[in-house]
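The chains referred to below are lettered A, B, ... by the order of the sequence lines, with proteins before strands, and numbering in each begins at 1.
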2 protein chains.
Amino acid sequence: MQGYDKYAYEPFAVTVDLAVFTIREGRLHVLLVERGEQPYAGRRALPGGFVRPDEAAEAAARRELAEETGLADVAGLHLEQLRTYSEPDRDPRMRIVSVAFTALVPDAPEAQAGSDAARADWLPYGEHRPSYAPLAFDHDRILADAHERVGAKLEYTGLATAFCPPEFTLGELRQVYQAVWGAELDPANFRRKVLATPGLVEAVPGAARLTGGRGKPAALYRAGDAAALHPPLLRPEGRP
Amino acid sequence: MQGYDKYAYEPFAVTVDLAVFTIREGRLHVLLVERGEQPYAGRRALPGGFVRPDEAAEAAARRELAEETGLADVAGLHLEQLRTYSEPDRDPRMRIVSVAFTALVPDAPEAQAGSDAARADWLPYGEHRPSYAPLAFDHDRILADAHERVGAKLEYTGLATAFCPPEFTLGELRQVYQAVWGAELDPANFRRKVLATPGLVEAVPGAARLTGGRGKPAALYRAGDAAALHPPLLRPEGRP
DNA sequence: CTCTTTAATGGTCTTAACGACTATAAAGAG
DNA sequence: CTCTTTATAGTCGTTAAGACCATTAAAGAG
């Protein structure tokens with residue numbers, strides 16, 4: 001902690017990278033941009049950008065999230081630090097330390113290409129890139145880490161509601177779990193479990209909605225205030 | 001991701017801070033240094049230091065861990081990234097982004113004062129600072145985050161064995177949980193639960209050892225290879 | 001209209017896991 | 001020897017989870 005000469009070392013650049021997930025048609029989607037410049041021009045990458053000299057990484061991430069998703073109410077979205085990637089050779093041109101974030105978006109409007117990207121799209125997770133075209137930089141690893149983190153946090157937190165609009169049905173909430181985990185869940189058992197977990201959801205009295213156009217209308221719920229679930233809602237087959 | 005002019009922005013300095021825990025006499029201890037320089041001279045702080053231009057944050061953290069603990073076999077110790085702290089005013093002198101790590105040390109030899117610290121000591125967590133002398137910088141928050149993370153990971157990973165020597169008794173393993181969680185656990189139930197969890201521990205055939213000088217000698221176990229525990233070993237009272 | 005399809009909802013049954021508790025075994029202290 | 005301490009084994013009742021079945025309320029086909 002000594003030696004505070006700010007030019008004693010080669011300067012580090014600090015960026016943020018975002019793994020932004022949403023649920024579309026019951027499937028997990030991720031927001032990717034197409035790079036317009038070298039290196040990795042034409043390749044897909046996670047949205048992100050430089051941290052400005054006077055802002056925290058969290059603020060930079062939320063700013064980028066607003067730019068790329070085109071959403072107005074970015075303040076309420078779930079944004080969480082994932083980890084920091086700092087391998088010296090992760091960017092071929094200079095030393096860049098990247099603080100990665102995971103964001104969960106309930107509704108999925110069309111993406112906006114940020115200033116630095118040729119385009120931005122929501123792509124189904126798992127089919128978001130051809131096998132011959134990995135994501136730019138170490139973004140494949142970041143995205144995999146983010147997916148694993150989200151899957152794990154669904155088990156013991158109320159995070160799943162971050163994917164949902166303010167009012168949602170239990171079927172929609174179940175689709176969140178199924179899309180992230182890639183597993184089928186029994187509707188009746190899921191319902192029993194969710195309602196038995198205090199603070200996960202709270203009922204909206206008298207409200208109901210048709211979900212897929214067919215079937216019995218489902219009651220509506222709001223997100224509860226519980227941060228941690230006890231007991232947790234475990235994935236069917238251990239960790240995949 | 002454009003604008004790769006490395007002098008376009010005010011340079012960031014990147015440091016690592018370490019929350020190093022161990023178990024001593026059944027109690028959780030944390031490694032703290034006493035700062036020798038301004039700011040916060042004389043205050044306690046987490047050990048840490050600058051990331052060098054050619055190393056990753058993980059390498060810097062392991063290097064600092066070796067320096068401060070004086071341990072030789074630092075390669076096998078559990079070292080895990082916690083999160084990155086990047087508030088612009090977290091250091092009064094310049095913009096410093098710190099990548100925080102959590103380390104778990106089994107045995108606890110006396111600490112070594114690093115080059116930048118006046119002294120280094122293992123202190124019982126919870127009594128590691130007087131109420132009128134907070135840790136330097138935002139280290140109180142980092143340490144609290146690290147403690148919470150370790151407590152949570154004990155529930156669903158085999159992390160507790162990282163606190164133990166290569167061979168340990170179930171009583172010693174139970175003391176790890178008790179020290180971190182600050183809760184009493186029933187020895188018989190704990191034993192049943194640990195042995196029923198595949199991959200947590202494996203028995204060392206025929207080996208036994210007296211633990212506290214009294215009582216029946218306990219069988220010895222080695223750490224298993226399970227990364228995740230299913231089902232998890234939950235804390236008694238939800239999240240404290 | 002009736003029948004089929006679909007999804008929500010309500011319930012049962014069996015098994016696994018957990019907490020509280022009791023009992024026994026093996027060591028040292030006196 | 002007895003007493004204390006810790007490890008280990010087992011029991012009992014409650015709770016939670018998975019598999020499965022039944023009912024309900026809507027839309028659409030005919």
Sugar-phosphate, base or nothing in reach of [X], heavy atoms under 4.0 Å:
| X | answer |
| --- | --- |
| Arg209(A) | nothing |
| Ala196(A) | nothing |
| Ala188(B) | base |

Please give, in whole Å, the distance from [N] [atom2] to [X] [atom1]?
| X | N | atom1 | atom2 | answer |
| --- | --- | --- | --- | --- |
| Asn189(A) | dT15(C) | CG | P | 16 Å |
| Leu195(B) | dA7(D) | CG | P | 13 Å |
| Leu173(B) | dT6(D) | CG | P | 17 Å |
| Gln178(A) | dA7(C) | CD | C1' | 12 Å |
| Asp186(A) | dG11(C) | CG | P | 16 Å |
| Arg191(B) | dA17(C) | CZ | P | 18 Å |
| Phe190(A) | dA7(C) | CZ | C1' | 15 Å |
| Leu220(A) | dT9(C) | CG | C1' | 15 Å |

key: Of Arg214(B) and Pro217(A), the one whose closest DNA chain C nucleotide lies more 5'   =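 Going by which nucleotide is closer to the 5' end, it is Pro217(A).
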inquiry  = For the CZ atom of Arg24(B) and the CZ atom of Phe163(B), what is their distance to the nearest 0.5 Å?
reply    =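 It is 13.5 Å, given to the nearest 0.5 Å.
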5' precedence on DNA chain D between Leu233(A) and Leu170(B) (nearest-nucleotide basis) =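 With Leu233(A) and Leu170(B) compared, the 5'-side residue is Leu170(B).
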request  = Nearest-nucleotide wise, let me know which of Leu234(A) and Tyr221(B) is further upstream toward the 5' end of DNA chain D.
outcome  =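 The residue mapped nearer the 5' terminus is Tyr221(B).
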query = Does Asp140(B) reach the main-chain N or O of Pro134(B) with its side chain, forming a donor-acceptor pair under 3.5 Å?
reply =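 No, because the side chain of Asp140(B) does not come within donor-acceptor range (under 3.5 Å) of the backbone of Pro134(B).
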Proximity to the side chain of [X] - top-ranked nucleotide from [options]:
| X | options | result |
| --- | --- | --- |
| Leu210(B) | dT9(C), dA7(D), dG28(C) | dG28(C) |
| Lys216(A) | dA17(D), dT9(C), dG19(C) | dT9(C) |
| Arg192(B) | dA17(C), dA20(C), dT9(C) | dA20(C) |

key: Pairing of Glu34(B) and Arg43(B) as salt bridge, 4.0 angstrom limit   =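 Salt bridge absent between Glu34(B) and Arg43(B).
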query = Between Arg209(B) and Glu172(B), is there a side-chain N and carboxylate O pair less than 4.0 Å apart?
reply =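 Here Arg209(B) pairs with Glu172(B) in a salt bridge, since their nearest N and O are under 4.0 Å apart.
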inquiry  = So, does Arg174(A) get its side chain near the phosphate of dA7(C), meaning an N or O under 4.0 Å from OP1 or OP2?
reply    =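 Negative; the distance criterion is not met.
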message = Which residue in the set Asp138(B), Asp145(B), Asp17(B) passes side-chain hydrogen bond (donor to acceptor under 3.5 Å, both in side chains) when paired with Tyr85(B)?
response =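 The option that passes is Asp145(B).
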ask   = Taking a pair as Watson-Crick or G-U wobble with both distances under 3.5 Å, which nucleotide is matched to dG30(D)?
value =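 Result: dC1(C).
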